[in-house]
Amino acid sequence: MTHWLTIVSQVLTPRERFEAMKDWSSDTVPGIVLNVLLYSAASAALLAACILLVMHVRMRRKAQAGASFQEQAQRLGLNQAEQNLLACIARLAGLHAIEAIFTMEQAFVQGSGSMMKGQRVSSMPAEKQARVAGMINALCQKLGFQALGARAGSSVTSRQVIEGSVCSFTTAEGDEHVATIREVQDEVIVVELRAPADIAPETPVVVHYSNMGCVWEFDSKVCVQTRDSVHLMHCENIRFVNRRRFPRVPVRHQALLADLEFFAGDNGIAPLRFVPATLTEIAGPGLLFESILQTEVGRKAIAIVELAGGSVVQGVGRVRRVRMLGNSRVSVVVELIDLKPQELSELARQTSAAGKIKNWRAESNEPAASGSARQ
């Protein structure tokens, strides 16, 4: 058989052999199977190429969208936590191009509402809900949108303020009154004024209260004033301001600082070594000192500060920034941590009071400066 095939192949020309192979591949069963396999392989290769092309285009678009989102976020000064929060809001709003959240206010409102009403946030305590809402409201302000207020979907009301905390309220004439929350009743908040005042019933006021890193702001009115207390109406519409948006106010107060390490060393039990410092700036729980304290970013420190009015406060903080000033002196930013609501409220009040003193001094100096210029 083999000998016969050899003879035939020697007799046929190359062209005749090629034609014979074509006839065999098209007319026999093995040839049909071979063609099917070839067509299937070609189709699979083409399909794989299309899938790879689509994946490449999507990845490229996603990378471009991420770069655009990052660029716009950095231009607005958003930190990493705010960027993550904004990206989550964009996804909850159903935006495929997340960078569109910077200009679509309605999508921001929709995504924020979905976040606040979602299982993860709605199951949080009221104080933590307020903190999330405060971060959302801070984002809203940075994006230039209208303040959300109750539109953020928070269930926080003035009935959830904590007794014993410090609050302040301002009348339409600009008079500020500092008070301690004595009792939270069903209809009113009973506060005890720090200084005597005569406030007429039905007077509208704006109340500021600090808790869990946020300032709560809401509208109210005076129901009645007794000899030592004021009754304020409740409010369902709470506005939130993130504590990191406290203004930085220059001050000058005496202070003491001590570096707080978990391991105290091998010298046995010894008292902390405090060094003198000067508080030069206050922004709520954020304090800026000038001192000779040798510390590093991320370490803990104990701060004892004399604030306005002679009150002395002390607390544990985390070092956020250290900058050398020369002559062994450093500029140290300490953020006080683990603060109780009334403690944070007091720092917020001190910041507000220092800011008003600064503005008053600037306004009182302005006419004198302009008058001397005219002379």
Side-chain angles (χ1 to χ4, degrees), residues 125-131 133-134 137 147 149-150 154-241 243 246-247 249 282 284-285 305-315 339-357 359-360:
E127 292 82 3
K128 290 189 176 181
Q129 287 189 45
R131 187 173 186 177
N137 202 55
S154 173
S155 59
V156 179
T157 71
S158 63
R159 291 179 177 83
Q160 292 160 335
V161 298
I162 299 177
E163 296 177 355
S165 301
V166 178
C167 70
S168 65
F169 58 92
T170 307
T171 63
E173 291 75 21
D175 299 327
E176 183 183 34
H177 304 277
V178 181
T180 301
I181 300 174
R182 192 169 70 184
E183 185 180 359
V184 181
Q185 300 179 358
D186 291 338
E187 300 297 331
V188 296
I189 304 172
V190 182
V191 300
E192 183 177 349
L193 296 177
R194 287 192 175 182
D198 186 14
I199 309 173
E202 302 297 322
T203 299
V205 295
V206 178
V207 183
H208 292 88
Y209 163 79
S210 297
N211 193 11
M212 290 296 292
C214 294
V215 175
W216 302 16
E217 181 183 85
F218 57 91
D219 300 318
S220 180
K221 68 177 179 179
V222 176
C223 293
V224 64
Q225 180 182 10
T226 63
R227 186 166 57 107
D228 59 349
S229 64
V230 173
H231 293 203
L232 300 175
M233 287 290 294
H234 281 298
C235 179
E236 306 294 331
N237 184 8
I238 307 294
R239 301 180 292 272
F240 304 98
V241 179
R243 73 178 181 183
F246 284 145
V249 182
I282 181 172
V305 186
E306 181 181 5
L307 297 177
S311 61
V312 178
V313 299
Q314 55 188 4
L339 295 173
K340 297 179 181 178
Q342 54 267 35
E343 295 170 344
L344 183 58
S345 181
E346 177 63 22
L347 290 172
R349 191 188 69 80
Q350 289 281 349
T351 303
S352 177
K356 289 184 178 180
I357 293 174
N359 294 336
W360 177 79

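With His234 contributing its side chain and Gln185 its backbone, the two residues share a donor-acceptor pair below 3.5 Å. A side-chain donor-acceptor contact under 3.5 Å links Glu163 to the backbone of Val184. With Ser220 contributing its side chain and Met233 its backbone, the two residues share a donor-acceptor pair below 3.5 Å.
Closest non-hydrogen pair, Tyr209 versus Ile162, comes out as OH-N, 3.1 Å. Taking all atoms of both residues into account, the shortest heavy-atom contact from Leu347 to Ile282 is O-CD1, 4.3 Å.
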Residues 186-203, side-chain donor-acceptor partners within the protein, below 3.5 Å, at least two apart:
| from | atom 1 | to | atom 2 | distance (Å) |
| --- | --- | --- | --- | --- |
| Arg194 | NH1 | Glu346 | OE1 | 3.4 |
| Arg194 | NH2 | Glu346 | OE1 | 3.2 |
| Glu202 | OE1 | Lys221 | NZ | 3.0 |
| Thr203 | OG1 | Ala200 | O | 2.5 |

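Proximity of Val222 to Leu232: side-chain heavy atoms (C-beta onward) are separated by under 4.5 Å at one or more points. Using a 4.5 Å heavy-atom cutoff, the side chains of Val178 and Val166 are in contact.
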Original post:
Does the pair Gln350 and Ser311 meet the rule for a side chain to side chain contact (heavy atoms under 4.5 Å, CB included), with working shown?
Top reply: CA-CA 10 Å; Gln350 289 281 349; Ser311 61; 3.7 Å; yes

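Note: Phe169 CZ to Glu176 CD = 9.5 Å, rounded to the nearest 0.5 Å.
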